[in-house]
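Presented below is the structure to which this report refers.
Labels below follow one simple rule: chain letters A, B, ... track the order of the sequence lines, proteins then strands, and each chain is numbered from 1.
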Protein chains: 2
Amino acid sequence: MNNISIKIISQTDVAEIFKGNTKALFGVVENAFMKYLHGNVLFPDKISQIFDQETQNRINCMPATLLGEDMVCGMKWVSVFPTNASKGIQNVTGVMLLSEIKTGFPVAVIDGTLVTKMRTSSVGCVAAKYLAPTKVETIGIIGSGEEARMHFALLKHLFPTIKECRVSSRSSSSEEAFIAKFKDLTTDVNFIACDNDSYKCASNADIIVTAISGQAPVLKAKDITKGGLYIHVGGWEDEFEVALKAQKIVCDDWEASKHRTQTICRMYKEGIIKDHDIYANLSDLISGKKKGRNNDDEFIYFNSVGLSYIDLNFANYIYKEAIKRGLGKEVVIAEDNSVDYASLIY
Amino acid sequence: MNNISIKIISQTDVAEIFKGNTKALFGVVENAFMKYLHGNVLFPDKISQIFDQETQNRINCMPATLLGEDMVCGMKWVSVFPTNASKGIQNVTGVMLLSEIKTGFPVAVIDGTLVTKMRTSSVGCVAAKYLAPTKVETIGIIGSGEEARMHFALLKHLFPTIKECRVSSRSSSSEEAFIAKFKDLTTDVNFIACDNDSYKCASNADIIVTAISGQAPVLKAKDITKGGLYIHVGGWEDEFEVALKAQKIVCDDWEASKHRTQTICRMYKEGIIKDHDIYANLSDLISGKKKGRNNDDEFIYFNSVGLSYIDLNFANYIYKEAIKRGLGKEVVIAEDNSVDYASLIY
């Protein structure tokens with residue numbers, strides 16, 4: 001045996017790989033769905049270990065495999081700790097593990113925090129490519145944290161026509177912090193702090209995003225006043241009537257979602273929506289099997305639950321790029337030695 | 001945010017921690033069972049991703065949590081690649097991930113290959129503490145690989161009275177390799193190469209171990225000729241009649257085993273044995289809830305499936321020892337930086 005070493009790829013390395021390369025982000029997402037459509041993906045149910053029912057502090061374990069030409073198996077290990085917020089510590093922390101499956105050896109450990117944010121917003125953007133109305137000028141974002149910011153940044157990149165961004169959050173200081181982050185960066189956008197008023201934020205918007213960690217129906221049906229796209233990122237953050245108002249409900253993957261706890265999954269469990277109420281999975285739109293939007297009057301609801309094979313496709317891409325670019329730090333995890341049986345016996 | 005760093009603890013570090021410290025090995029196992037008995041363990045079902053039904057090449061993902069005073073969550077990621085054997089590459093390769101669950105941050109990545117071997121044989125030894133006959137002089141081992149060797153080394157440590165060790169394997173060269181490994185180390189033991197003859201190996205032995213990766217009933221009921229302990233390590237390696245001959249069947253954890261593919265699990269699925277045929281879990285013996293062996297005439301069958309929380313207890317112990325001893329290499333996985341939104345937008 002030779003040494004087995006793993007490449008440690010940090011958040012800075014990951015950021016470097018995607019710097020100025022938003023196309024790669026969207027590409028990795030679309031490519032993951034194509035691999036799934038070609039039957040080259042294994043993705044077992046994620047395992048959620050909840051440490052405290054009250055706080056919902058938990059770690060999710062999301063394994064997947066890419067067969068075909070990739071031949072990698074990996075896992076994202078992501079903690080979600082709502083109690084971190086009051087300590088000023090990040091809520092979501094991730095790390096990813098990648099193995100090749102010719103010999104089964106581990107090859108890399110990769111920061112999964114930035115990937116989690118990037119992939120969620122990238123999935124939202126890929127959905128928007130197919131589902132946004134013709135002209136996207138106004139965007140309403142409920143939530144002001146990292147996930148909300150990533151969505152704005154990527155959506156603005158995808159739709160340079162955005163000229164108004166409304167932000168609504170529980171505290172006006174966090175609305176201001178969001179705006180401060182971007183106002184010198186995107187000078188062609190008029191930012192509006194909505195003072196936690198969902199109607200002010202969402203009404204008449206071309207795209208609405210809810211990216212909050214709370215479990216309360218903040219977005220109301222009355223806030224939806226015209227055709228557009230609603231990107232639902234979190235858990236339970238909109239009234240049931242919002243989805244009922246939609247002409248189409250599209251998911252990243254309905255089968256993988258239906259037993260979870262997001263709004264439309266709750267509605268499914270309560271019998272309010274049925275399987276046939278789901279218009280399509282995102283992969284159906286990417287493959288061309290189904291048409292996205294028919295006209296600008298449609299209000300379309302997009303729900304993403306987060307799919308392990310998209311994370312894995314990111315890990316695979318990042319690993320290959322890190323090798324190409326000489327990024328990451330190689331560390332030996334198992335030396336070329338044999339067990340010292342003598343030390344175990346005597 | 002500060003940097004998030006993880007400690008990389010290699011196989012050499014792990015070996016260093018347990019060097020000359022077999023007591024610690026057994027202690028970590030017994031302690032894990034006690035934590036389980038005290039209700040301080042979460043252990044979801046392991047996830048097995050099988051890449052090829054024919055070869056059974058696979059990666060198992062084994063997450064668990066220790067609550068109580070430990071407050072850690074972790075996972076062993078272990079590949080089992082039967083096709084490696086013909087390439088002269090190790091069959092089993094593991095890596096473990098450990099997170100603290102106060103903030104959910106990852107803290108360590110630890111070699112899991114040595115731990116896998118050590119913990120399996122340690123579980124066998126702990127079982128033997130409670131289930132072996134009064135005098136252990138003769139041991140019959142079917143299999144000659146690393147797992148077989150670890151069992152011999154630890155059992156010889158536990159029972160210095162062992163004076164005969166018989167080894168049976170498909171090739172006589174691997175029987176000889178096993179013997180060569182130990183004959184100068186344990187000069188008080190008479191080693192016998194059995195030339196793949198299970199009767200020669202197992203008959204009249206005080207302890208029998210099967211540690212092979214094949215899926216065929218190599219150990220026959222006729223090979224069991226007297227009271228003793230049989231430690232079943234692998235998959236399906238003994239005739240159904242072996243278990244039927246046993247006065248007691250003991251498991252590391254029957255509930256966690258019954259839907260797997262080991263011999264007694266196959267028998268369960270075929271209705272040949274029922275829940276009430278299982279005498280005890282190992283934790284029942286450790287806690288004193290049930291008695292181990294009644295007399296030396298009993299033939300006792302011990303089955304271990306491998307429990308994620310034992311691996312996690314190892315990871316936790318190794319991490320703490322590594323800190324104490326200054327072992328391992330600290331690597332930053334997420335730097336104290338913020339996302340460069342500008343690079344994502346323009």
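There is no contact between R58(B) and chain A, counting heavy-atom distances below 4.5 Å. Interface remark: K329(B) contributes side-chain atoms only to the contact with chain A (heavy atom separation under 4.5 Å). With a 4.5 angstrom heavy-atom cutoff, I6(B) touches chain A only via side-chain atoms. Only the side chain of I59(A) comes within less than 4.5 Å of a heavy atom of chain B; its backbone N, CA, C and O stay farther away. Both the backbone and the side chain of I333(A) come within less than 4.5 Å of a heavy atom in chain B. Heavy atoms closer than 4.5 Å to chain B are found in the backbone of D45(A), but not in its side chain. Of the two parts of T113(B), neither the backbone nor the side chain holds a non-hydrogen atom closer than 4.5 Å to a non-hydrogen atom of chain A. Both the backbone and the side chain of D111(B) come within contact range of chain A, with heavy atoms under 4.5 Å apart. Proximity to chain A (any heavy atom under 4.5 Å) is restricted, for L154(B), to the side chain, taken from C-beta onward. When heavy atoms are compared at a cutoff of 4.5 Å, V332(A) approaches chain B solely by way of its backbone atoms N, CA, C and O. Residue contact with chain B, scored on non-hydrogen atoms closer than 4.5 Å, involves the backbone and the side chain of L42(A) alike. Contacts of I50(B) with chain A are made by backbone atoms alone, with heavy-atom separations under 4.5 Å and no side-chain atom involved.
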Please list every donor-acceptor pair under 3.5 Å in which a side-chain atom of residues 68-75 of chain B meets a protein atom from a residue at least two apart or in another chain.
{"from": "D70(B)", "atom 1": "OD1", "to": "K35(B)", "atom 2": "NZ", "distance (Å)": "3.4"}
{"from": "D70(B)", "atom 1": "OD1", "to": "N316(B)", "atom 2": "ND2", "distance (Å)": "2.9"}
{"from": "D70(B)", "atom 1": "OD2", "to": "K35(B)", "atom 2": "NZ", "distance (Å)": "3.0"}

Determine, stepwise, if the pair Y319(A) / F314(A) fulfils ring pair (Phe, Tyr, Trp, His ring centres under 6.0 Å).
CA-CA 8 Å; Y319(A) 177 61; F314(A) 270 100; over 10 Å; no

Under the criterion salt bridge (charged side-chain N to carboxylate O under 4.0 Å, His left out), I'd like the reasoning laid out for D188(A) against K156(A): C-alpha separation, chi angles, the key distance, then a yes or no.
CA-CA 11 Å; D188(A) 58 336; K156(A) 172 63 181 164; 2.9 Å; yes

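Classified by interplanar angle (parallel below 30°, tilted 30° to 60°, perpendicular above 60°), the ring pair F152(B)/F182(B) is perpendicular.
The side-chain contact (heavy atoms from CB on, under 4.5 Å) with S121(B) is formed by just one residue from the set R149(B), E146(B), H151(B); it is H151(B).
No more than 12 heavy-atom neighbours from other residues, nucleotides or ligands sit within 6.0 angstrom of OH on Y36(A). Under a cut-off of 6.0 angstrom, the local environment of CD in E54(A) is sparse, with at most 12 non-hydrogen atoms contributed by other residues, nucleotides or ligands. Environment of NZ in K23(B): sparse, with no more than 12 heavy atoms of neighbouring residues, nucleotides or ligands closer than 6.0 Å.
Counting heavy-atom pairs under 4.5 Å between each of V95(A), N84(A), T103(A), T93(A) and chain B puts T103(A) at the top. When T83(A), N57(A), L97(A) are compared by the number of non-hydrogen pairs under 4.5 Å with chain B, L97(A) comes out ahead. Options M150(A), Q49(A), K19(A) differ in how many heavy-atom pairs under 4.5 Å they form with chain B, and the most are formed by Q49(A). Across V331(B), I47(B), I101(B), the residue that shares the most heavy-atom pairs under 4.5 angstrom with chain A is I101(B). Of the listed residues (K102(A), M118(A), K117(A)), the greatest number of heavy-atom pairs within a distance under 4.5 Å of chain B belongs to K102(A).
Counting only N and O atoms by type, the side chains of K76(B) and S308(B) include no donor and acceptor under 3.5 Å apart.
The heavy-atom pair separating G143(A) from V167(A) by the smallest distance is O-CG1, 3.8 Å.
Considering only heavy atoms from C-beta on, T186(A) stays 4.5 Å or farther from K183(A) through its side chain.
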